[in-house]
> 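First the structure, then my questions, so here it is.
This is a predicted model, so every value here is computed, not measured. Residue indices begin at 1 and follow the sequence shown.
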Amino acid sequence: MTTNQPLELLAPLSGVLLALDQVPDPVFSSRLIGDGLCIDPTSQTLCAPLAGVISNIQDSGHAVSVTDDNGVQVLMHIGLDTVNLAGKGFTRLVEEGQRVEAGQPLIEFDADYVALNARSLLTLMLVVSGEPFKLLTPEQGLVDVGQPLLRVTPQAVADEVKDEEGDALFSKPLTLPNANGLHARPAAVLAQAAKGFKASIYLHKQTESANAKSLVRIMALQTVQGDTVQVSAAGEDAEAAIQALVTLLAEGCGEAVTAHSPAAAPVAPDSSATMLRGVCASPGSAFGQVMQVKEPALTFAEAGKGEALERAALTHALNNANQALQALQEKAIGTAQSEIFRAHQELLDDPALLEQTRDLLDQGKSAAFAWNSATEATATLFQGLGNALLAERAADLADVGQRVLKLILGVQDRAWDLPEQAILIAEQLTPSQTASLDTRRVLGFVTVGGGATSHVAILARALGLPAICGVPAQVLELVNGKQVLLDADKGELHLNPDLAEIEQLQVTRQQHVLRRQREVEQASLPATTRDGHHVEVTANVASLQEVEQALSLGGEGVGLLRSEFLYLDRNRAPSPEEQAGTYSAIARALGPERNLVVRTLDVGGDKPLAYVPMDSETNPFLGLRGIRLCLERPELLREQFRAILASAGFARLHIMLPMVSLLSELRLARKILEEEALVLGLTELPKLGIMIEVPSAALMADLFAPEVDFFSIGTNDLTQYTLAMDRDHPRLASQADSFHPAVLRLIASTVKAAHAHGKWVGVCGALASEALAVPVLIGLGVDELSVSVPLIPTIKATVRELDLADCQSIARQVLGLEEAAQVREALRLYHAATVETSLVVEH
């Protein structure tokens, strides 16, 4: 029997009460899912706020709904983006369909784990059935579990939506693209859209169906990425409803997903295509024959042969994998390969990964099944977090996973039988596969997956192999032996190259090889123009090994030490002793005659730290990052200053502040630095400068210059902020070009302001590592170029080919152009003329 008597909802846990408006998630704060409140919890057990039936509890344990006999439906959602944890940190105490009493425990959660690994621990209690309610307590303040919070007025129970009649229309099956299926956020978007139609609408997954206008019913389908679903509708606007909802589902219901149209029929490969485009992962070019490479699938039993036996098999495989990675690391010491394989070793010891594996062994699973399940689940989690860097690290985890899995199964690694002059084509290559390529046979490679910052790309550059990634999947259909031209500099694979293109490529390639040899041989020579103007060429580094490599390649110092390398890829902050020891070791390697420029912690934006909780931001690139974050958490900055100051005296120490946009930020940071230097008894401060990467700093360089010792221009961020284009946007990245005259004009005005006050200017962004840009940067008056380590010899050689007066002339010319493409073309013509002049001089 139903009643319309008011119903009191109890606090599901203890904590600090907040209004929904304060939740940093627009889907919740806009009340799209439902109205209610938020609690920042101090307890770790979620309890029922009312008596009723568990109408849905997510497999991942982060959300649960309770419906009472009057149809009042309450959803509780623990944390923000906790669906990404895939159940880790949550223990379900009830099952769907179970009747519960008010105050009964529903879910236990590990608050520390969730706080460290999810966006926020804020917990929502929402009346999703839409009944009006009254708050029984102040809108903010402490609440205790079981305390009455809301008085809900139940409405008359509406008639159930009638089942669809026989004339219901059905969509074609489509594949869900959402990384975590239709959890609360996308389910709410879908339900809200469905409510805009009069038709009766259902979402179908295999034999299960859900009213598409009910958030809870959609969530109860427990969908995952890759599930096949259909939409059906009956009523006057059924056809329009299906069309709209299918489009919404295909686009991810408001979540960022890989763009595709699952509902459409597969598109046949374009057999007439003569060129496929991708993104340059490693520069260079090659002409050779296609060789498709693919690892055979590994098969194994799910059930184990006894827990002790399976544990021993896992331990043996992990030990052998560790030894193999140690050997690879030692063989490649001081190189990019060494750092990558050291990171792989750390994955073998990852406690969360091992815990997941051992939990499955406890359940009687085989070592192969347990290890494979744990690595695949974690890799999927990385890929679903919307972070490009983590998605690329998923490839490293998959690589380590395959290495151990083969050892468990006793499968021997077999070298690919490769022809001469092979251009490898693959869905994806692993770092291990890339590092072991026979460069006598392999001329380059092309992959569908991967990115320009992946470990595979880093290894390709270290091996000198041209490579492109992000190529359309139709490349996997090319037949072995087909002759192709790989122009990685342009991100192009030519499928039907003509003789003239091939001959030109071979000439260019030979010239490139000879030039590179000469550049390395002459790397110790100073970077001085033909008319005697010296430009300091330093290195961008993130480890002691890179510093040592930079010095061996002629680097004149360190123009950018990315201090965040000490903080990333770990679950707790580095100790002050570890930081100080690392900075001092790097300073000693450089010596007292070379500059060491240490950039303070630059996190936030695209580089979050798990152990520095930060609220979600609508646009993190315009939010709390760089110096803004450090000044909000001054102890973090003080600790880093103390560690950096420990290296004073070993090298010519400089400290650089990132993302400065206000003079007040510089002054406050300087005050903190002076206080820490005083505590340490230092009588002389290191040089203090700022990065110019925000247009406001560039435009006010004349006001900053008297208060700094130097400027260093970060062209990557300066470009994206100046042009209002995300440099990682798949469709805008090519236009977010640092050669744009607007960016060059900001560099020019910064240099002019600095030189007027006797201060030097460096460029540490990617523009400094482009040989094409060197003339214009010298012409604009830049004093230092801090570049990617492998490119130091190339940039120094480029400087030696130039004449300062000519550089100043070409700089004035390009500042008057309209677009980046025009600047690049003008510099190409200038470069060609310079090379021709150099050849005449040499002969």
> Please confirm whether the backbone N or O of Glu536 pairs with a side-chain atom of Asp783, one donor and one acceptor, at under 3.5 Å?
no

> Please say which of Leu561, Thr538, Val541 ends up in a side chain to side chain contact (heavy atoms under 4.5 Å, CB included) with Leu596.
Leu561

> Would a 4.5 Å heavy-atom cut-off, applied to side chains only, mark Ile468 and Val471 as touching?
yes

> Looking at CG of Leu780 and OG1 of Thr750, how far apart are the two atoms once the value is rounded to the nearest 0.5 Å?
10.0 Å

> Check Arg515 with Glu801, please: is the shortest side-chain N to carboxylate O separation under 4.0 Å?
yes

> Of the non-hydrogen atoms in Arg599 and Gln640, which two are nearest, and what is the gap between them?
O-NE2, 4.3 Å

> Can any side-chain N or O of His534 pair as donor or acceptor with the backbone N or O of Ala527 at less than 3.5 Å?
yes

> Is Lys671 salt-bridged to Glu674, going by a charged N under 4.0 Å from an acidic O?
no

> About how many Å separate OG of Ser552 and CD1 of Ile792, when rounded to the nearest 0.5 Å?
8.0 Å

> Can any side-chain N or O of Asn595 pair as donor or acceptor with the backbone N or O of Gly559 at less than 3.5 Å?
no

> Give, for atom CD1 of Ile692 and atom OG1 of Thr715, the distance between the pair rounded to the nearest 0.5 Å.
12.5 Å

> Can you confirm whether Arg516 sits close enough to Pro793 that some side-chain heavy atom of one is under 4.5 Å from a side-chain heavy atom of the other?
yes

> Checking the side chain of Ser769 only, and the main-chain atoms of Ser788 only, is there a donor and an acceptor separated by less than 3.5 Å?
yes

> Under a 4.5 Å cut-off applied to non-hydrogen side-chain atoms, are Asp806 and Thr529 in contact?
no

> Would you say the side chain of Val558 lies within less than 4.5 Å of the side chain of Val597, judging by non-hydrogen atoms?
no

> Walk me through whether Val787 and Thr794 qualify under side-chain contact (heavy atoms from CB on, under 4.5 Å).
CA-CA 10 Å; Val787 307; Thr794 299; over 6 Å; no

> Got Pro658 and Thr600 here, is their nearest side-chain heavy-atom distance under 4.5 Å?
yes

> Hey, what's the ring geometry for Phe710 with Trp760, parallel, tilted or perpendicular (30° and 60° as the breaks)?
parallel

> Between atom CG of Leu703 and atom CG of Leu662, what is the distance when rounded to the nearest 0.5 Å?
12.0 Å

> Keeping Ser786 on the side-chain end and Ala539 on the backbone end, is there a donor-acceptor pair under 3.5 Å?
yes

> Determine yes or no for a side-chain-to-main-chain donor-acceptor pair under 3.5 angstrom, with Arg800 supplying the side chain and Leu525 the backbone.
yes

> Is it true that a side-chain atom of His740 and a backbone atom of Ala742 form a donor plus acceptor pair closer than 3.5 Å?
yes

> Side chains of Leu637 and Phe641, heavy atoms from C-beta outward: is any pair under 4.5 Å?
yes

> Would you say Glu770's side chain and Ala766's backbone share a donor-acceptor pair under 3.5 angstrom?
no

> Just grab all the salt bridge (charged side-chain N to carboxylate O under 4.0 Å, His left out) pairs involving residues 692-711, residues at least two apart or on different chains.
Arg667-Glu707

> Looking only at atom types and distance, does a side-chain atom of Ser282 sit under 3.5 Å from a main-chain N or O of Leu465, one as donor and one as acceptor?
yes

> Please report the interatomic distance CE(Met656) to CG(Asp602), rounded to the nearest 0.5 Å.
9.5 Å

> Would you say the side chains of Thr719 and Ser738 form a donor-acceptor pair under 3.5 Å?
yes

> Check whether any side-chain heavy atom of Val782 sits under 4.5 Å from a side-chain heavy atom of Val751, and report yes or no.
yes

> Is it true that a side-chain atom of Lys796 and a backbone atom of Ala523 form a donor plus acceptor pair closer than 3.5 Å?
yes

> Under 3.5 Å, which donor-acceptor pairs do the side chains of residues 809-822 form with other protein atoms, sequence neighbours left out?
| unit_1 | atom_1 | unit_2 | atom_2 | d |
| --- | --- | --- | --- | --- |
| Gln822 | OE1 | Glu818 | N | 2.8 |
| Gln822 | OE1 | Glu819 | N | 3.3 |

> Nearest 0.5 Å, please: how far is CG in Asp531 from CG in Asp803?
4.0 Å

> Contact between Phe739 and Leu767 at the side-chain level, heavy atoms closer than 4.5 Å - yes or no?
yes

